[in-house]
Amino acid sequence: MKTFASMEEAFQWWLTNIYPSLPAEVKKGKLTYAWRDFTYNRGISQARMKEILSEYGEIEVQTLIKYSPK
């Protein structure tokens, strides 16, 4: 299990480590558009990243909010 500070960080890791090893026929369409959108800052939602990540492994998202009064 790997831990990331953000969805973007997790997706970047996936694009670098998992995406290249996928067969060419799998990379067509949705994954190619997601790679392009993320790589060239065209805009990709966290929901779309999460959907793709969950297709290739388990993903657990936790939100941590810390508040300190002044």
Side-chain angles (χ1 to χ4, degrees):
M1 173 181 267
K2 294 194 69 59
T3 303
F4 304 97
S6 68
M7 185 66 69
E8 291 78 11
E9 184 181 320
F11 197 70
Q12 177 65 55
W13 178 88
W14 184 85
L15 286 174
T16 304
N17 295 283
I18 305 297
Y19 180 78
S21 64
L22 296 175
E25 61 272 5
V26 174
K27 293 182 188 179
K28 294 180 180 176
K30 174 173 80 169
L31 294 183
T32 300
Y33 295 129
W35 172 84
R36 189 177 303 140
D37 291 346
F38 185 85
T39 302
Y40 297 106
N41 295 318
R42 292 182 169 174
I44 180 171
S45 69
Q46 287 193 359
R48 192 166 147 212
M49 288 186 260
K50 183 179 177 183
E51 177 186 326
I52 291 169
L53 289 172
S54 66
E55 288 180 23
Y56 295 91
E58 290 187 35
I59 182 168
E60 177 184 340
V61 178
Q62 298 178 354
T63 302
L64 175 63
I65 300 170
K66 293 183 177 183
Y67 172 78
S68 297
K70 294 180 181 180

Y40 vs W35 side-chain heavy atoms within contact, under 4.5 Å: yes
Do L53 and W13 share a hydrophobic cluster (ILVMFWY, side-chain heavy atoms under 4.5 Å, transitive)? yes
With Y19, which of V26, I52, T32 fulfils side chain to side chain contact (heavy atoms under 4.5 Å, CB included)? T32
Straight-line distance of L22 CG to K28 NZ, nearest 0.5 Å: 13.5 Å
Return each pair, listed once, that meets salt bridge (Lys or Arg N to Asp or Glu O under 4.0 Å) where at least one residue sits in residues 53-70; pairs must be two or more places apart or across chains. K30-E55
Enter the distance from E51:CD to S45:OG here, rounded to the nearest 0.5 Å. 8.5 Å
Is a donor on one side and an acceptor on the other found under 3.5 Å between the side chain of T39 and the backbone of R36? no
Where do P20 and L15 come nearest, in terms of heavy atoms and distance? CD-O, 3.1 Å
pair F4-V61: side-chain heavy atoms closer than 4.5 Å: no
Establish whether F38 and Y33 are linked, either directly or via other cluster members, by ILVMFWY side-chain heavy-atom contacts under 4.5 Å. no
Might you work through the side-chain contact (heavy atoms from CB on, under 4.5 Å) test for Y56 and L31, ending with a clear yes or no? CA-CA 12 Å; Y56 295 91; L31 294 183; 3.3 Å; yes
Find out whether W14 and I59 are in side-chain contact, i.e. whether some heavy atom of one side chain is under 4.5 Å from a heavy atom of the other. no
Less than 4.5 Å apart, side chain to side chain, heavy atoms only: is that true for D37 and R48? yes
Under a 4.5 Å cut-off applied to non-hydrogen side-chain atoms, are F11 and Q46 in contact? no
